[in-house]
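Worksheet for the structure shown next.
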Amino acid sequence: MAMNNFKKISEIHEAFDSGTLTPIELVHSYFVEMKSNPLNAFITECQDRALAQAEQLTHDLKSKYQGKTPRVAKPLFGIPLGIKDVLTVDGVRTTCASKILEDYIPPYTATAVQKLENAGAITLGKMNMDEFAMGSSNENSAFGPVIHPTHSDRVPGGSSGGSASAVAAKQCFASLGTDTGGSIRLPASFCGIVGMKPTYGRISRYGQIAFASSLDQIGPMTQSVEDAALLCQIMSGEDPLDSTTLNAPVDDWSESVRAEQRRGVSGFSGLRVGVPQEYFIEGIHPEVKNAIDSIIQKMKSQGAEIVSISLPHTQYAVATYYVVAVSEASSNLSRYDGVKFGTRSAAAREAKSLEDFYKKIRANFGSEVKRRIILGTFALSSGYYDAYYRRASQVRRLMRNDFESAFQKVDVIVSPVCPTTAFKLGEKSKNPLQMYLSDIFTIPASLAGLPCISVPIAKDQEGLPIGLHLIAPRLQETLLFKAGALVELLVGGHTS
Amino acid sequence: MTSKINSDVIKKVGELSRLELTDAEIEGYVKSIGDILEHVEQLSQVNLIGAEGKEVEPMYHGIDGALKLRPDEVVEFSKDEHGQPKVLRNAPEVIDHGFKVPQII
């Protein structure tokens with residue numbers, strides 16, 4: 001087995017235990033792959049920092065732990081991760097894929113990253129993304145687009161495109177993404193890996209550079225549902241540094257997944273699976289539709305109860321989201337005033353007025369970011385606030401009510417992740433509305449704050465991956481991961 | 001509402017957002033933001049009166065109830081290896097342990 005070819009954390013730990021692999025050898029192998037296959041997935045490679053971490057762990061494994069991986073104390077011992085460049089790491093450049101933060105060295109580490117590193121994970125680098133996480137194709141990065149891992153003419157999806165492409169291409173073992181309207185699940189689906197967004201408030205956003213604060217969540221991007229569950233449970237929990245984190249019990253979700261794996265596909269027996277009639281719209285690619293229909297049939301034949309449900313406000317999802325998200329963005333991005341951090345150009349230094357100074361500083365925003373700031377400022381402006389922001393927030397409530405009614409009848413809801421497989425580079429970049437419509441299936445669960453996951457289930461004729469989207473009720477991650485694990489068993493447990 | 005988007009509106013909102021826009025950018029945003037707002041227009045069709053005749057309560061956040069508060073206490077800055085506050089690490093310009101800004105007022 002090539003050294004970077006591991007699909008599960010347990011396989012890596014077995015290799016450590018058997019003495020055939022050390023953390024330092026493992027880290028080296030990922031850097032070799034990274035350099036041999038230019039996907040532009042990394043904005044910053046943390047080679048020195050990662051090797052120092054790996055050296056320490058290699059030393060500890062031999063001396064402190066007598067060659068036995070400390071799975072309980074450090075469940076991510078020696079696991080090399082990619083961190084989306086929207087999450088801060090103390091002393092490591094964090095750009096958010098923007099020119100405005102080109103040289104930003106954060107003074108603190110995001111809680112989620114800190115928890116993973118405390119559990120033994122190694123940070124290989126900071127992953128490319130759409131600027132400020134605004135995009136669905138990863139073409140909006142100031143550091144250039146990310147390339148799809150298997151089809152070089154395609155996008156990897158966005159905004160966590162680097163995180164997805166690198167995991168699929170074995171340039172890191174797993175990664176962190178962030179999801180505001182689908183930014184974990186869409187690229188996971190396009191690249192053929194598992195991507196999960198937890199319930200809003202599960203994982204601290206401390207150290208996550210804000211886009212739309214009522215929607216933003218961090219989540220894992222992995223090669224298996226079991227590892228997504230493990231990363232998610234390690235990162236979850238109340239954090240005094242983020243007042244929106246929930247004080248809710250965090251179960252051993254990875255153990256729940258293993259229990260399902262032991263039980264096998266008979267676990268589908270009695271599971272009530274909701275299929276929203278509104279999600280099978282015109283415009284959905286026939287191959288995507290066939291793949292979803294086929295997996296639903298397989299679930300049924302294993303004993304799942306398939307229930308047709310209605311989420312009547314789905315058609316308003318994209319409109320609602322693009323008012324809410326841009327309004328929050330225009331407010332969040334007002335902090336880029338060039339005073340305490342950020343790039344200060346010569347033109348800004350010579351500004352003649354405060355307004356001119358701000359304008360020169362903010363000239364470093366990319367075109368999509370500017371579009372969203374303008375749209376958000378417009379939607380919040382006097383005279384339009386009620387018609388746009390308030391109205392969209394009311395429709396958002398109706399969408400959440402739709403889910404609450406549906407979950408009276410079903411345990412989980414399934415749908416496609418995206419109407420299509422990975423589209424071509426440049427195909428939608430000139431038409432922002434078309435790009436936004438790629439998120440139609442992922443947005444509703446974001447607006448409602450629900451946990452959801454993308455699991456790869458098939459490939460189209462061109463070999464491009466197709467993902468299944470599963471949504472569970474609020475705080476029901478146990479159920480979500482179980483259902484995800486069952487789907488994985490049904491398709492043979494293979495990613496990418 | 002879409003007709004409300006023209007180059008003057010984009011220029012004005014650009015001013016409010018402290019964004020300097022070129023003529024080409026303004027022209028592009030008139031088209032793309034116009035398209036997006038046309039799509040958003042469909043929200044006006046949604047019935048916002050609930051079963052009891054009351055207007056639907058807006059959902060402004062992802063969590064229910066009030067946000068937790070914490071005491072407003074002074075804490076020490078975390079410092080780097082030279083004893084300097086880390087928060088100054090990214091200051092475009094520094095003067096006497098403070099942020100330096102151009103004289104523009």
Side-chain angles (χ1 to χ4, degrees), chain A residues 103-105 107-108 200-201 214-215 240 243-244 246 313 315-316 318-320 322-323 330 338-344 348-360 362-363 365 367 370-371 373-375 377-378 381 387-388 390-398 400 432-433 436 449, chain B residues 1 4-5 9-10 12-21 25 28-29 31-33 35-48 50 55-64 66-70 77-80 85-93 99-102 104-105:
Chain A
D103 304 312
Y104 178 62
I105 313 280
Y108 58 98
Y200 182 84
S214 81
L215 298 155
S243 64
T244 61
L246 299 167
H313 295 92
Q315 60 169 307
Y316 305 111
V318 173
T320 303
Y322 276 95
V323 173
S330 77
V339 173
K340 299 192 183 79
F341 56 85
T343 318
R344 188 179 291 174
R349 283 169 214 268
E350 284 155 24
K352 293 285 179 282
S353 71
L354 189 58
E355 281 193 11
D356 190 33
F357 176 75
Y358 290 150
K359 282 184 185 167
K360 293 291 186 287
R362 291 159 71 82
F365 283 133
S367 145
K370 285 196 257 189
R371 178 170 13 254
I373 292 174
I374 293 169
L375 197 48
T377 305
F378 177 78
S381 63
Y388 290 104
R390 186 165 194 276
R391 177 166 280 270
S393 299
Q394 288 175 301
V395 179
R396 182 181 184 185
R397 167 88 56 199
L398 293 174
R400 192 173 84 163
L433 182 59
Y436 295 177
Chain B
M1 274 177 235
K4 293 198 170 78
I5 292 297
V9 173
I10 296 293
K12 184 176 168 239
V13 179
E15 285 291 323
L16 292 173
S17 318
R18 304 292 181 258
L19 293 171
E20 198 164 52
L21 304 172
E25 280 179 311
Y29 289 142
K31 166 86 176 77
S32 61
I33 291 178
D35 285 353
I36 295 160
L37 288 177
E38 196 178 330
H39 180 80
V40 166
E41 189 73 0
Q42 58 177 307
L43 293 182
S44 63
Q45 304 159 6
V46 183
N47 174 23
L48 295 174
E55 213 188 331
V56 174
E57 191 65 27
M59 177 179 169
Y60 290 123
H61 219 290
I63 56 168
D64 297 315
L67 290 180
K68 289 173 294 234
L69 299 175
R70 59 169 172 77
F77 281 122
S78 59
K79 297 203 169 126
D80 65 13
K86 282 185 188 173
V87 71
L88 285 175
R89 191 190 264 170
N90 291 286
E93 293 175 82
F99 298 99
K100 185 180 173 191
V101 290
I104 43 182
I105 300 168

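What you see is a predicted model, and the numbers here were worked out from it, not measured in a lab. The analysis underlying the following values was restricted to heavy atoms, covering all of them including side chains, and did not include hydrogens, waters or symmetry mates. Labels below follow one simple rule: chain letters A, B, ... track the order of the sequence lines, proteins then strands, and each chain is numbered from 1.
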* Answer yes or no: is there a donor N or O on one side and an acceptor on the other, between the side chain of R349(A) and the main chain of R344(A), under 3.5 Å? => yes
* To do: Please round to the nearest 0.5 Å and tell me the distance separating atom CG of L37(B) and atom CD1 of I5(B).
  => 5.0 Å
* Judged by atom type as modelled, is there a donor-acceptor pair below 3.5 Å linking the side chain of Y60(B) to the main-chain atoms of S214(A)? -> no
* Structure fact -> Pair count under 4.5 Å, heavy atoms only, with chain B: among G201(A), G338(A), S367(A), G449(A), highest is S367(A)
* Measure distances from V339(A) to the heavy atoms of chain B and classify the residue's part below 4.5 Å as side chain, backbone, both or neither. => both
* Give a yes or no on whether a salt bridge exists between E20(B) and R362(A), defined as a side-chain N under 4.0 angstrom from a carboxylate O. => no
* To do: Evaluate the ring planes of F341(A) and Y104(A), with Trp represented by its six-membered ring, and classify them as parallel (under 30°), tilted (30 to 60°) or perpendicular (over 60°).
  => tilted
* Asked: Would you say K352(A)'s side chain and E350(A)'s backbone share a donor-acceptor pair under 3.5 angstrom?
  -> yes
* Structure fact -> Ranked by heavy-atom pairs below 4.5 Å to chain A, first place among R70(B), E25(B), K100(B), E93(B) goes to E93(B)
* Contacting region of T320(A) [heavy-atom separation from chain B under 4.5 Å] -> both
* CZ-CZ distance between R18(B) and F365(A), expressed to the nearest 0.5 angstrom -> 13.5 Å
* Asked: Picking from I63(B), V40(B), V13(B), L43(B), which has the most non-hydrogen pairs under 4.5 angstrom with chain A?
  -> L43(B)
* **Max heavy-atom pair count under 4.5 Å with chain B, selected residue of P432(A), S381(A), S353(A)** => S353(A)
* Max heavy-atom pair count under 4.5 Å with chain A, selected residue of L69(B), V101(B), L19(B) -> L19(B)
* Asked: At their closest point, which heavy atom of A363(A) faces which heavy atom of K370(A), and how far apart are they?
  -> O-NZ, 4.4 Å
* To do: Please determine, among G14(B), S17(B), A91(B), the option with the most heavy-atom pairs under 4.5 Å with chain A.
  => S17(B)
* Given a strict heavy-atom distance threshold of 4.5 Å, which part of T377(A) is in contact with chain B: side chain, backbone, both, or neither? -> both
* Examine whether an atom of R89(B) lies under 4.5 Å from a heavy atom of chain A, and if so say whether it belongs to the side chain, the backbone or both; otherwise answer neither. => side chain
* Asked: What option among E55(B), H61(B), E57(B), E15(B) has the most heavy-atom pairs under 4.5 Å with chain A?
  -> H61(B)
* Structure fact -> Counting heavy-atom pairs under 4.5 Å with chain A, the top scorer among V56(B), L88(B), N47(B) is V56(B)
* Closest non-hydrogen atom pair between K86(B) and D80(B), with its separation -> CG-N, 3.8 Å
* **Segment of Y108(A) engaging chain B (4.5 angstrom heavy-atom cut-off)** => neither
* To do: Report yes if the side chains of P107(A) and N90(B) come closer than 4.5 Å at any heavy-atom pair, otherwise no.
  => yes
* Structure fact -> Honestly, the part of Q315(A) sitting under 4.5 Å from a heavy atom of chain B is both
* Select one option (side chain, backbone, both, neither) describing which atoms of A348(A) are under 4.5 Å from chain B's heavy atoms. => backbone
